[in-house]
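Report on the structure given below.
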Amino acid sequence: MKIRILLFAVIGALLSWVSAHSIFLGVPTGSDENSYFFQANSFADGVISRDAPPFHDRFKQYMVILDDEAGWLSRYPPAHPLWLAPARWFGSVYVLTALAAALGVAFLCAAGLALGIPPLILALTLLPSPYFVFMYGTALSHTSGFMAVSILLWAYIRWQKGSGARFAVFAGLAWSFFFLNRTYTALLMAVPLGMDALWQLSRSRTRKSFIGTTAFALSAAIGVAVYLLYNKLACGDAFTATYLYYEPSENLGFGLRRTQGDAAVLHTLPIGLATLWDHIKTLDLWWWGFRGSLVAATALAIIGWSRRWSALLLSSMLAVCLGYVAFWYPGVANAGGPVYYFETATALALLTALGIARLYRALERTPQARRLLSFCFALALLGAASHFIADQTPRFIAQQMPRYIFWRTLDSAPPHSIVFVSRQPGVHKGEYARNPRGLDSNPLVLQSRGEYDAVAMRVFSNRTPLLLSGDDPTHLHPLTSPTTLLFKRDATQTGHRIGQNEAIDQRSNQWARVARHDRDKKDWLVLDRPVELPAGQYQLTIAGDYENIAPTHPSHVGIRIGDTNDVIALTGSHTGATPIATYTVSLTNLVTSTVISLRYGGTGTLRVRDFTWAEIPEKMEP
């Protein structure tokens, strides 16, 4: 039996490896996996968080926390990134995914064996499943979650069947890892398991049962303690999880939720139930690759119903499925099947295999009929699943291809380079700034900001600047860093609350933002966006003119440099060619944010053409 289990584990690992490279092309499916990779590399470097880099908005990536207080770290719990951390030395995260598949299959077969299910039947139930094959082609946390639940069920069944308290410890530790990985799923699954353990204790009331239950609870509590410690180290508060620090509405419940800190979503019970039904229909197709496969699995589960185990396995599934009715996000759609339910595929496989095993035993007296029916069943199952996998694979390859091109192009960058990424069709914006080792990443990747990329070139002057444009995603184009920095912004393109754009000279297409006393009230004529400048000396210039501004109602130019604010009052008239105002400043910080705003006082006329931030070159020594 052990040889067979080992064989099926190897097959599971091979399916995972082939899926990862032939279906998903060996690249992440989205921002979640990039976040895991980032934290895995942080753990490999011996840190929980990295210091926040300059240009937060340029390095920002969905699913990664980036602020000056917490630093730079993944929003996810630590277990899955820790599982992936050895990828630094293996050279591929998919080695760890394949290992998780192997261990998941091995321990699930062992759990089935404890329930009287031959490993071949359980392997036949699980391994052809497109749900299993596609999900294990990704590096999502559900892959190590599946492994943890397989170990949990194996150890729990062995313990409850009388194999000793050490299996209760194994079960508790497996749940601890699961809790540190898929926190909500682990909590939901803990409810039926905990109730079952207490029910069995109340029935037996023996010293052995008490020791086992206590060992199960204490070893499970280790995960909770580590979780609180990690939160404390990562966020400064033991009861603030990293995903809640990233977005406080990322929890179970109904009401307003926010999508990655951006747009608001109203989650309601009807929406959650509709999502549940969609997931059930999806699983009905993805379980074995044909419509009705979940119905067939349910029928087999009824046939193989075990008074002791079937209710527990089913309730562990239902707790997760019903619990996620209260979660606003339906899960990523580009991984194959309902991702939030993947850990329940362990219980579904056991329930289905119980029915197949009972039917197999029922035909024991007719061996020829049993062999024929078994062959036909296996052939039909493998045929349906293979056909479905072959049918779906081109669609997944097509959606992964832009990402594949993107990652391979980045991988082609020369050593010690910095790559500025502009819009990439087919790649989510949250994936642009892939920097798995923070500022030590090679290459260093930033979102492009056009002419303002010159600032980052100055800050990272020891790196070769390159551009990856969506117009040519297969090539990196060299950039030249300017010797002096000059940024000019048209005042008609800034934010404002009053005023209008008026032509100064239509022939030369010159325009200004204009406020007039007979039309505009006191309010902001200019609300500019921040400009980040590296250390150096600069002249900030406001071009335009004004007239008849009363001393009692001046217009104010606000210049904010970092945390300091200066105000220049404009009164009287100024219609010459000289600028409205100039301001010279020396910046010593690595990067300093500067903002210009202008508040109209309500008198006279004020015209603003543009703003210029001009670097003053250092004087050469004679």
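One is the number of the first residue; the rest follow in order along the sequence.
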Counting N and O atoms only, with roles assigned by atom type, does the side chain of [X] sit under 3.5 Å from a partner on the main chain of [Y], one being a donor and the other an acceptor?
X	Y	answer
H21	G137	no
N589	T592	no
T282	D278	yes
Q537	I616	no
W72	G438	no
D68	A52	no
T612	A614	no
S441	R437	yes
R257	H267	no
T240	G236	no

Look up atom [atom1] in [X] and atom [atom2] in [Y], then write down how far apart they are to the nearest 0.5 Å.
X	Y	atom1	atom2	result
L244	D237	CG	CG	10.5 Å
L229	Y227	CG	OH	13.0 Å
R513	T494	CZ	OG1	7.0 Å
L233	T242	CG	OG1	12.0 Å
F611	Q493	CZ	CD	11.5 Å
Q500	L525	CD	CG	11.0 Å

[X]: partners by side chain to side chain contact (heavy atoms under 4.5 Å, CB included), with sequence neighbours left out:
X	result
V595	P530, R560, S593
R458	L485, P534, E615
D472	T474, H475, H477

NZ/K488: more than 12 non-hydrogen atoms of other groups inside 6.0 Å: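 Counting neighbours around NZ of K488, 12 or fewer heavy atoms of other residues, nucleotides or ligands fall under 6.0 Å, so no.
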Notebook entry, point to check: More than 12 heavy atoms of other residues, nucleotides or ligands under 6.0 Å from NE2 of H416: is that the case?
Noted result: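 Counting other residues, nucleotides and ligands, NE2 of H416 stays at 12 neighbours or fewer.
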Tabulate below the donor-acceptor pairs under 3.5 Å that side-chain atoms of residues 568-577 make, not counting sequence neighbours, or state none.
residue	atom	partner	partner atom	Å
S573	OG	N548	N	2.9
H574	NE2	T578	O	2.9
H574	NE2	T578	OG1	3.2
H574	NE2	P579	O	3.1

- Knowing that exactly one of I504, T492, V514 qualifies, which makes a side chain to side chain contact (heavy atoms under 4.5 Å, CB included) with R609?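 Only match with R609 under side chain to side chain contact (heavy atoms under 4.5 Å, CB included): I504.
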Next item on the list: Output yes when R58 and D453 qualify as a salt bridge under the 4.0 Å nitrogen-oxygen rule, no when they do not.
Entry: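 Salt bridge flag = yes for D453 with R58.
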Should the pair [X] and [Y] be assigned to parallel (<30°), tilted (30 to 60°) or perpendicular (>60°) ring geometry?
X	Y	answer
Y324	F327	perpendicular
H80	Y36	perpendicular
F59	F460	perpendicular

Are [X] and [Y] close enough that some pair of their side-chain heavy atoms sits under 4.5 Å apart?
X	Y	value
L533	L587	yes
M401	V27	no
F420	Y432	no
P28	F37	yes
R182	Y340	yes
L446	V421	no
L140	F342	no
S31	M63	yes

Worksheet entry | side-chain hydrogen bond (donor to acceptor under 3.5 Å, both in side chains) contacts in which one or both residues fall within residues 395-409, not counting sequence neighbours |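 Found Q392-R395, Q400-R403, R403-E431, R408-D411.
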Review item, side-chain donor-acceptor pairs of residues 598-608, under 3.5 Å, at least two apart:
residue	atom	partner	partner atom	Å
Y600	OH	H517	N	2.9
Y600	OH	T603	N	3.4
Y600	OH	T603	O	3.2
Y600	OH	G604	O	2.6
T603	OG1	A550	N	3.0
T603	OG1	H553	O	3.2
R607	NH1	D545	OD1	2.5
R607	NH2	E547	OE2	3.4

Item to complete: Determine, stepwise, if the pair R434 / E33 fulfils salt bridge (Lys or Arg N to Asp or Glu O under 4.0 Å).
Response: CA-CA 11 Å; R434 183 200 68 166; E33 288 166 79; over 6 Å; no
(Q) With ring-ring contact (aromatic ring centres under 6.0 Å, His included) as the criterion, how do Y243 and Y76 come out once you've worked through the C-alpha distance, each side chain's angles and the decisive distance to 0.1 Å? (A) CA-CA 6 Å; Y243 51 86; Y76 289 107; 8.0 Å; no
Would you sort out whether F396 and L25 count as a side chain to side chain contact (heavy atoms under 4.5 Å, CB included), showing the intermediate values? CA-CA 9 Å; F396 280 79; L25 307 182; over 6 Å; no
Which heavy atom of [X] sits nearest a heavy atom of [Y], and at what distance?
X	Y	answer
G331	V339	CA-CG2, 3.9 Å
T552	P554	C-CD, 3.5 Å
S92	L96	O-CD2, 4.0 Å

Please report the C-alpha distance between R50 and L439 in whole Å, then the side-chain angles of each, then the deciding distance to 0.1 Å, and finally whether the side chain to side chain contact (heavy atoms under 4.5 Å, CB included) criterion is met. CA-CA 9 Å; R50 302 182 188 274; L439 294 181; over 6 Å; no
Judged by modelled atom types alone, do W613 and Q539 share a side-chain donor-acceptor pair under 3.5 Å?
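Not at all, the side chains of W613 and Q539 share no donor-acceptor pair under 3.5 Å.
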Does a donor on one side chain and an acceptor on the other come within less than 3.5 Å for S597 and W524?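 Per modelled atom types, S597 and W524 side chains form no pair under 3.5 Å.
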Derivation and outcome, side chain to side chain contact (heavy atoms under 4.5 Å, CB included), residues F24 and T138 | CA-CA 7 Å; F24 294 97; T138 75; 3.8 Å; yes
Exercise for review: Report the C-alpha separation of Q424 and L468 in whole Å, then their side-chain angles, then the decisive distance to 0.1 Å, and conclude whether the side chain to side chain contact (heavy atoms under 4.5 Å, CB included) test is met.
Suggested key: CA-CA 9 Å; Q424 298 288 310; L468 177 53; 3.7 Å; yes
Margin query: One pair to check against ring-ring contact (aromatic ring centres under 6.0 Å, His included): F134 and W286. What are the steps and the verdict?
Written below: CA-CA 10 Å; F134 277 76; W286 277 81; 5.0 Å; yes
